[in-house]
Each structure stands twice: as structure tokens, then as C-alpha cells.
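Remarks on the structure that follows.
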Protein chains: 2
Amino acid sequence: MTDLPFSGAFKAGKGGSRPMFKAAAGIFARKGYHEATVDEIAQAVGVAKGTIYYHFKNKEDLYFAVIQEGINIFGKQLRVAAAAADNPLDKIRSLVDSHLDFYEREQDLVFLFLKELSGSELRRRILAGMLSKCLAVVREAIAAGVKNGTFRAVNPELATSSLFGMITIAAFHYLAFARPIDRAKVKSTIEQIFTRGILSGEGEGDCCRVAGHL
Amino acid sequence: MTDLPFSGAFKAGKGGSRPMFKAAAGIFARKGYHEATVDEIAQAVGVAKGTIYYHFKNKEDLYFAVIQEGINIFGKQLRVAAAAADNPLDKIRSLVDSHLDFYEREQDLVFLFLKELSGSELRRRILAGMLSKCLAVVREAIAAGVKNGTFRAVNPELATSSLFGMITIAAFHYLAFARPIDRAKVKSTIEQIFTRGILSGEGEGDCCRVAGHL
DNA sequence: AGTTATAAACTGACTGGTCAGTACAAGCAC
DNA sequence: GTGCTTGTACTGACCAGTCAGTTTATAACT
């Protein structure tokens with residue numbers, strides 16, 4: 001909300017910062033960058049077009065501010081979730097919960113992120129970098145778990161991506177068809193598959209021959 | 001390639017069907033629907049703009065034809081992979097392999113799919129439905145495994161989404177930064193986490209308390 | 001309290017460029 | 001001689017971005 005490298009960054013606006021951000025995020029998420037017109041966003045926000053340009057250099061600037069703000073929200077939420085638990089396993093559980101929470105509350109942002117990830121190479125890389133920073137807490141929790149023996153010797157980087165993917169797509173499964181997310185079911189699936197898979201089980205290696213390579 | 005509900009659907013073109021499709025997919029994937037101009041696509045394909053409009057009703061029609069064709073390729077590949085193994089576990093392994101294969105060979109399509117999944121509600125729903133049909137073979141393999149006791153009692157629907165998400169995002173992890181996918185690493189991570197998680201292990205339930213619900 | 005000064009926030013009609021889609025005369029191949 | 005292709009040129013809609021001017025908020029002076 002503060003220290004953003006953008007012209008206006010939601011400080012101003014008749015109705016205050018948050019509604020402006022919400023409205024813009026909603027339009028961008030629903031229609032995409034190019035289909036969303038600045039006129040339309042201005043109307044949704046409840047200001048004149050010129051006002052948008054008073055606060056933001058141009059449409060892209062506004063768009064990035066929305067993304068940046070979204071990343072901030074996501075990152076902060078994950079950090080809080082990680083801090084709320086004190087061992088790797090609970091951290092992961094808390095993070096999964098928090099992620100699902102974000103998914104439910106900020107669907108617009110989720111779609112915005114997905115859009116950005118499928119954008120041009122540059123945009124994709126930028127967002128992937130930002131997300132990667134947000135997910136550092138997950139990576140660290142997994143790495144810690146591997147170190148202290150709670151988890152098996154997975155690659156924390158890839159395990160993080162995997163978990164992120166599982167949550168995102170499993171939850172997406174509901175949103176794609178405009179159904180409410182069944183959090184209990186998703187959580188239980190993740191517990192059953194991810195958590196169980198990553199925990200250093202008793203009967204260790206036998207079921208897991210990886211065809212050929214390590 | 002055949003039975004498509006589209007005007008022209010890549011039957012024609014100087015260089016035959018495939019190059020035309022490839023070029024169009026590439027442009028759409030790199031620039032997105034709105035930034036890609038028909039002139040540009042025509043040039044890339046190597047035909048005159050009028051020719052595009054001779055075969056396709058309009059830009060959207062062309063775009064959908066590309067998507068549809070992509071889905072056909074993906075679906076066929078998965079079906080072949082599933083048929084190549086005769087028990088649930090091997091089917092899953094074969095499907096993972098095949099999926100990664102598709103990911104590597106048809107990056108344009110992957111990005112196109114991602115774009116579409118983050119598009120408007122209608123478009124999202126349409127593509128999600130198509131993908132869901134493609135992934136039926138995965139769902140069935142998982143369901144069969146659950147039935148015959150190879151796998152634990154997961155929800156096949158959600159487990160499929162989870163696996164799809166894992167693969168997609170883990171591989172994306174590389175593509176986002178324009179690095180080649182390290183297939184061995186991705187496969188081993190999936191083996192370690194998904195396969196191991198879903199296999200009905202000896203020490204069954206103890207590690208997997210799901211906070212509260214079933 | 002009333003007047004004046006100044007800046008910040010806001011407005012909306014207008015402009016200029018872009019691009020989907022059309023039109024068409026002419027060429028080629030089977 | 002019909003189906004397919006080309007190239008060029010044109011139109012009309014749409015939209016990002018501009019700008020001259022209005023409103024509101026704040027402070028300062030008498």
C-alpha cells in the first residue's frame with residue numbers, strides 16, 4: 001500500500017483506496033487487460049476517466065499497481081500463516097489453509113495472476129518472480145522439514161511448485177464451473193496426497209522406484 | 001482435425017494444415033488474443049489476410065479452431081499413454097510422462113490453455129470442460145486404482161486436478177524463466193509426492209489426520 | 001466571518017491511431 | 001470454370017490518452 005513504484009497506488013479516490021483497487025481488479029480479472037477499457041474501470045470505480053490518469057501514468061501502470069497490491073496481500077497472508085505454526089508440518093497445513101482462504105476471498109486476484117502467468121515472456125517472468133518470493137515461506141518450511149527429518153528428501157523448490165499447483169488447480173476445479181470451493185474436500189485431498197507423500201514414512205523407499213533416475 | 005464445428009479448421013493452406021495451425025498458435029500464445037492481429041497471423045502463416053477470412057468466419061473462429069485442435073492433440077496423446085499400460089500405477093506413470101511430453105513439445109498450446117482458463121467465465125468453463133474430458137483417462141485410472149486397492153480412497157476428480165496442477169505448475173517453474181524443463185527432476189518429484197501419497201501404503205492412516213473432517 | 005490565494009483532485013469532450021472485417025480485380029491450378 | 005488464393009485499399013468502430021477548465025480542500029490574511 002505504501003512503498004509502491006507506481007504513480008498513484010490507491011492512496012486516493014473519493015471512496016478511498018480499497019474500493020478503487022477492488023473495482024479495478026474485478027474488471028481486469030473478468031475481462032482481461034485488453035478487453036477492459038479505462039472508461040469502464042473509471043465508471044466501476046465511480047470516477048471520471050481523467051481521474052484515473054491523474055493517479056496513474058497509463059492503463060498499464062494501473063494494471064501493475066493492481067497486480068502489485070495483490071501480490072502484497074498474498075505474500076503478507078502467507079507470512080502470517082507461516083508464523084502461526086512452529087514446526088514444518090503445521091506450517092504447511094497452515095499455509096495450505098491460508099492459500100485456500102486467499103483463493104476464496106480474492107478470486108479476482110487469482111485469475112489476474114493466472115492471466116499474467118500466461119502472458120508475454122517478460123510479464124510471466126516478472127509475476128513468477130514475485131510469486132516465488134511470496135512462496136519463499138513455503139519453500140523454507142519444506143526445506144526445514146527435510147532438514148529435521150519430518151519430510152523426505154524432496155527438492156523444496158519443486159515441491160513448493162507442486163503444492164502451489166495442486167491447490168490452485170484443485171480449487172480451480174470448482175471455480176471454473178462457478179461452484180463454491182469445497183474447502184474440506186480440497187484440504188483432505190491435499191492432506192491425503194501431498195502431506196502423506198512428503199512425510200518421511202516408516203516404510204520409506206520401497207513403493208517409489210523412479211524409473212531410472214534419482 | 002476432422003469433425004470440428006469450425007469453418008475451415010486447418011484443412012487448407014499452402015504448406016498444408018499443420019504449419020498454419022502451428023504459426024497461428026504461436027502468435028496467439030505469445031501475444032494473446034487481442035494483441036495478436038489478423039494481419040500478423042496471416043503473415044506468419046504465409047497467406048494473405050483474405051485467405052484467413054475465406055477459411056474462418058472471423059478472428060474468434062480461428063482462435064477457437066486453434067484451441068480445439070490443441071485439445072484434440074492433448075486428448076489423443078493422453079489416451080494413447082493410458083492404453084500403453086495395463087494397471088493403474090503404470091497408467092499414471094505413463095500419463096505423467098505423456099503430459100510432460102506435451103508440455104515440452106507444445107508450449108504454445110499450454111500457454112494458450114492457461115490463457116483461456118483465466119479468461120471470461122464462459123471461455124473458462126468451455127475450456128475446463130474440454131480439459132476435463134481429456135483428463136477422463138487420468139480420472140479413470142485413479143478410480144480403478146482406488147477400486148482395486150492400489151490407491152488410497154481419494155476423490156478421483158480432485159486427485160486428477162491435483163496431479164494436473166502439480167505437473168503444470170512444476171513444469172511451469174522452468175518455463176516461466178525460459179529454462180528447459182528438467183524432466184527427470186519433475187518426474188521424480190511427482191513420484192515422490194503424488195505417487196507415494198496416493199499409493200495405499202502399509203502404515204496407512206496414522207500420519208494423515210485431517211484436521212476435523214473426513 | 002468573509003475574502004483571497006493556491007494547490008490538489010476531478011471532469012468529460014475530443015483526438016489520433018489501430019485494427020477487424022470487407023471489397024474486389026486478377027492470378028493460378030486442377 | 002470453379003475453387004482457392006493474392007494484394008491492396010478502404011471503412012467504421014473502438015479506445016487510450018490528453019487537456020482546458022471546474023470543483024473542493026486548505027491555509028492565510030484582514
Side-chain angles (χ1 to χ4, degrees), chain A residues 1-2 4 6-67 112 115 119-120 123, chain B residues 1-2 4 6-67 112 115 119-120 123:
Chain A
M1 228 146 133
T2 42
L4 295 180
F6 301 110
S7 324
F10 306 118
K11 291 189 294 267
K14 287 203 286 207
S17 139
R18 193 44 54 94
M20 187 165 178
F21 163 71
K22 273 265 186 190
I27 303 271
F28 276 132
R30 240 164 293 129
K31 329 246 300 190
Y33 181 78
H34 283 278
E35 264 163 313
T37 70
V38 176
D39 285 286
E40 192 180 13
I41 293 168
Q43 201 183 1
V45 171
V47 299
K49 190 184 192 176
T51 307
I52 302 271
Y53 283 94
Y54 179 76
H55 288 286
F56 300 92
K57 214 170 77 239
N58 50 34
K59 189 183 177 185
E60 214 180 27
D61 192 39
L62 166 63
Y63 182 70
F64 280 146
V66 170
I67 297 270
L112 230 41
K115 278 207 175 69
S120 74
R123 301 173 81 122
Chain B
M1 228 143 134
T2 41
L4 295 181
F6 301 109
S7 323
F10 306 116
K11 290 191 294 267
K14 287 201 289 207
S17 138
R18 193 43 55 94
M20 184 165 180
F21 162 71
K22 271 267 187 191
I27 302 272
F28 276 131
R30 240 165 293 128
K31 328 245 304 188
Y33 180 77
H34 281 278
E35 264 164 315
T37 70
V38 175
D39 286 286
E40 191 180 10
I41 293 169
Q43 200 183 2
V45 171
V47 300
K49 190 182 185 176
T51 308
I52 303 265
Y53 282 96
Y54 182 80
H55 287 286
F56 300 93
K57 214 170 77 241
N58 50 34
K59 189 183 175 184
E60 215 180 25
D61 192 38
L62 165 64
Y63 181 70
F64 280 146
V66 170
I67 297 271
L112 232 40
K115 278 207 176 66
S120 74
R123 300 174 81 123

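The sequence lines fix the lettering, A, B, ..., with proteins before strands; numbering per chain opens at 1. Note: hydrogens, waters and symmetry copies are ignored here, and every other heavy atom, side chains too, is used.
Between the side chain of B:K115 and the backbone N or O of B:A29, at least one donor-acceptor pair lies under 3.5 Å. Counting only distance, with no hydrogens or angles, the side chain of B:E35 and the backbone of B:G32 share no donor-acceptor pair below 3.5 Å.
Within 6.0 Å of CD on A:Q43 lie no more than 12 heavy atoms contributed by other residues, nucleotides or ligands.
Atom OH of A:Y54 and atom C1' of D:dT23 are 13 Å apart (whole Å). Put simply, CG on B:D61 is 14 Å from C1' on C:dA20, counting in whole angstrom units. Rounded to a whole Å, the NE2 atom of B:H34 is 13 Å from the P atom of D:dC14. Here D:dC19 presents its C1' atom at 17 Å from CD1 of A:I52, a figure rounded to the nearest Å. Atom CZ of B:F56 and atom P of D:dT5 are 11 Å apart (whole Å). Computed from coordinates, the B:Y63 OH to C:dG21 P distance equals 15 Å when rounded to whole Å. Atom OH in A:Y53 sits about 19 Å away from atom P in C:dA9, given to the nearest Å.
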Heavy-atom protein contacts under 4.0 Å, nucleotides 25-30 of chain C, coded B base, S sugar-phosphate only, - none: ------
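Cation-pi geometry between B:K59 and B:Y33 is met: the NZ or CZ atom falls under 6.0 Å from the ring centre, inside 45° of the normal.
Distances shown here put a side-chain N or O of A:H55 below 4.0 Å from the OP1 or OP2 atom of C:dC10.
Contact annotation: side chain of B:K49 to base of D:dG7, donor-acceptor pair absent below 3.5 Å.
Listed in residue order, the members of residues 35-43 of chain B having a heavy atom less than 4.0 Å from DNA chain C are B:A36, B:T37, B:V38.
When each of A:Y33 and A:G50 is assigned the nucleotide of DNA chain D bearing its nearest heavy atom, the one mapping closer to the 5' terminus is A:Y33.
Taking only side-chain atoms of A:A48, from C-beta outward, the nucleotide of D:dG7, C:dT11, D:dG17 with the closest atom is C:dT11.
In terms of heavy atoms, A:L62 sits closest to A:A24 at CD1-CB, 4.4 Å.
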